[in-house]
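Shown next, in structure tokens, is the structure this report addresses.
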Amino acid sequence: MLKKKIIFLVGPTAIGKSAIAIHLAKKINAEIISCDSMQVYGSMDIVTSQPSWPQRKKIKHHLLSVIDPVKEYNVARYRKDAMSICNKLFLRNKIPLFVGGTGLYYSIIIDGLFPSVPEDKLIRARIYKQLSLKGNKYLHRKLAKVDPLSAKKIHPNDTRRIIRALEVYMKTGLPISILQKNRVGLGNEYEIKIFALNTDRQALYNKIDQRVNKMFSSGLIKDVRRLLKHKLSKTATCAIGIRELEGYFNGEHSLDEAKRLIQVNSRHYAKRQLTWFRKDKRIEWVNIKKKETPGEVAKRIYKFLSSFVKE
RNA sequence: GCCGAGAUAGCUCAGUGGUAGAGCGCGGCCCUGAAAAGGCCGGCGUGGGGGGUCCGAUUCCCUCUCUCGGCA
């Protein structure tokens with residue numbers, strides 16, 4: 001029996017994934033599933049740099065603008081949503097082409113998520129209270145007692161992960177480090193290819209600056225001002241551009257400073273993305289050459305996997 | 001032109017007679033229900049140029065160059 005094929009196209013922010021993905025999708029009869037933790041949110045098109053409507057008309061895109069920004073979203077929901085779309089695409093003989101920059105999301109699709117409990121707001125509130133009362137070292141020691149493995153792995157300052165580990169332990173009575181070993185990925189049924197786009201660092205940073213400029217000229221300020229009228233979820237608020245502009249609106253800093261911060265934070269983000277991808281040895285790296293068009297890059301990738309998709 | 005202040009990391013600036021730090025930036029890394037988040041590590045340097053004093057100068061002295069104030 002033929003294995004089901006799934007293709008991933010990842011890369012740092014602003015590298016040009018969307019345009020390349022559309023060219024590629026056309027060549028291989030694919031539909032695009034966004035793999036981006038922020039582009040799932042609707043009415044945030046400009047801050048999250050979603051593919052334009054003309055682009056979305058060319059190739060069907062999934063998981064863009066599907067959640068209200070006042071709602072929370074997370075990996076587990078993403079996996080569920082994405083896998084369900086994936087299966088529908090298989091029924092229609094379409095290849096799922098995952099495109100995006102969220103490292104955790106694509107790896108969760110491939111490698112699976114350990115079965116566990118969702119966030120429990122009450123428990124978290126209790127742990128947060130302990131955190132403010134007794135400090136992070138206390139929580140870390142507490143974790144060390146019930147789950148020494150995790151405590152060793154998680155730095156005492158990384159309170160988010162300490163809290164998550166404690167939460168899981170409190171709900172299940174089992175250490176998260178044990179549960180985490182139990183993940184079910186795509187396995188043998190599927191055949192996957194992962195491509196990561198990159199270019200030299202300075203060129204990437206120039207692209208990021210350009211993108212930020214473009215965001216501003218397409219009405220970022222107005223957009224964020226409108227968004228801030230609602231109580232955005234803690235996840236949606238994380239989109240780069242929201243807090244920086246909020247600081248400007250509140251008079252904490254100038255507009256120029258807000259823009260500078262958006263650029264800096266985007267660079268840092270891109271750097272972290274690259275660190276994540278580098279670690280994944282399954283990735284085929286595609287280095288974009290100077291002046292190479294999206295179509296040309298897509299062609300190179302297509303050549304690389306033509307035997308893969310024709311089998 | 002005169003007087004004063006200054007010239008130290010990519011930037012803003014500390015500090016010291018025994019060849020230097022901090023914040024930001026920059027680089028590297030970690031990551032399983034907030035992941036565009038969160039966390040960890042790394043100084044990346046001809047101390048403006050040239051002399052002098054001293055065992056030893058980034059630090060003290062002289063001089064030149066430049067920058068910023070003030071007076072002309």
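Chain letters run A, B, ... following the sequence lines, proteins first, then strands; residues in each count from 1.
A donor-acceptor contact under 3.5 Å is not formed by the side chain of A/Tyr41 with the base of B/A34. A donor-acceptor contact under 3.5 Å links the side chain of A/Arg161 to the base of B/G38.
Ranked by how close their nearest RNA chain B nucleotide is to the 5' end, A/Ala239 and A/Lys181 are led by A/Lys181. Sequence order on RNA chain B of the closest nucleotides to A/Gly101 and A/His155 puts A/Gly101 first from the 5' end.
Base contact: A/Asp36 has a heavy atom under 4.0 Å from a base atom. Residue-level contact check: A/Tyr73 touches the backbone only, with heavy atoms under 4.0 Å from sugar-phosphate atoms and none from bases. Residue-level contact check: A/Phe277 touches neither bases nor backbone, having no heavy atom under 4.0 Å from any strand.
One can place CZ of A/Arg267 at 14 Å from P of B/A37, the figure rounded to the nearest angstrom. Going from atom CG of A/Leu261 over to atom P of B/G23 covers 18 Å, rounded to whole Å. One atom, NZ of A/Lys152, and another, C1' of B/G39, lie 18 Å apart when rounded to the nearest Å. What separates CZ of A/Arg272 from C1' of B/G27 is a distance of 14 Å, to the nearest Å. Taking atom CZ of A/Phe114 as the reference point, atom C1' of B/U32 lies 6 Å away to the nearest angstrom. Taking atom CD of A/Glu72 as the reference point, atom P of B/A35 lies 9 Å away to the nearest angstrom. Between A/Tyr105 atom OH and B/A35 atom P there is a gap of 4 Å when expressed in whole angstrom units. Going from atom CG of A/Leu274 over to atom C1' of B/G28 covers 12 Å, rounded to whole Å.
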Please list every donor-acceptor pair under 3.5 Å in which a side-chain atom of residues 10-19 of chain A meets a protein atom from a residue at least two apart or in another chain.
| from | atom 1 | to | atom 2 | distance (Å) |
| --- | --- | --- | --- | --- |
| A/Lys17 | NZ | A/Gly11 | O | 3.0 |
| A/Lys17 | NZ | A/Pro12 | O | 3.0 |

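Under the Watson-Crick or G-U wobble criterion, with both distances below 3.5 Å, B/G38 is paired with B/C30. Remark: B/C24 base-pairs with B/G10; criterion is Watson-Crick or G-U wobble with both hydrogen-bond distances under 3.5 Å. Checking B/C55 for Watson-Crick or G-U wobble geometry (two distances, each under 3.5 Å) identifies B/G18 as its partner. As the counterpart of B/C71, B/G1 is assigned, both hydrogen-bonding distances of the Watson-Crick or G-U wobble pattern falling under 3.5 Å.
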Walk me through it: do A/Gln202 and A/Asn206 pass the test side-chain hydrogen bond (donor to acceptor under 3.5 Å, both in side chains)? CA-CA 6 Å; A/Gln202 195 47 55; A/Asn206 291 341; 3.2 Å; yes
Under the criterion side-chain hydrogen bond (donor to acceptor under 3.5 Å, both in side chains), I'd like the reasoning laid out for A/Glu244 against A/Tyr248: C-alpha separation, chi angles, the key distance, then a yes or no. CA-CA 7 Å; A/Glu244 294 85 347; A/Tyr248 163 62; over 6 Å; no
Show your working on side-chain hydrogen bond (donor to acceptor under 3.5 Å, both in side chains) between A/Thr235 and A/Glu72 and close with a plain yes or no. CA-CA 6 Å; A/Thr235 28; A/Glu72 303 293 349; 2.8 Å; yes
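As rounded to the nearest Å, B/C64 and B/C26 have C1' atoms that lie 35 Å from one another.
Side-chain atoms of A/Arg300 come within 3.5 Å of backbone N or O of A/Asn287 as a donor-acceptor pair.
The side chain of A/Ala76 has B/G33 as its nearest neighbour among B/C31, B/G33, B/G39. Ranking B/A37, B/C31, B/G33 by closeness to the A/Arg160 side chain, first place goes to B/A37. The A/Arg164 side chain lies nearest to B/G33 when the options are B/G39, B/A37, B/G33. The nucleotide whose nearest atom lies closest to any side-chain atom of A/Thr102 is, among B/A35, B/U32, B/G33, B/A35. Relative to the side chain of A/Lys271, the nucleotides B/A37, B/U32, B/G28 differ in distance, and B/G28 lies closest. Nearest nucleotide to the side chain of A/Asn157, out of B/G39, B/A34, B/A35: B/G39. Among the nucleotides B/U32, B/C24, B/A35, the one closest to any side-chain atom of A/Arg260 is B/C24. Closest to the A/Tyr269 side chain, of the nucleotides B/C31, B/A37, B/G33, is B/A37.
Under 4.0 angstrom from either OP1 or OP2 of B/C26 there lies at least one side-chain N or O belonging to A/His268. When the side-chain nitrogen and oxygen atoms of A/Tyr205 are compared with OP1 and OP2 of B/G25, none of them lie within a distance under 4.0 Å.
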List every contact pair, protein side and nucleotides 10-13 of chain B side both N or O, where the distance is under 3.5 Å.
none

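For the pair A/Lys57 and A/Trp53, the cation-pi criterion (under 6.0 Å, within 45° of the ring axis) is not fulfilled.
Between A/Phe90 and A/Tyr190, the ring-plane angle classifies as tilted under the 30° and 60° cut-offs.
A/Leu305 places none of its side-chain heavy atoms less than 4.5 Å from the side chain of A/Glu284.
Aromatic rings of A/Phe98 and A/Tyr106 (six-membered ring for Trp) have centroids beyond the 6.0 Å cut-off, not under it.
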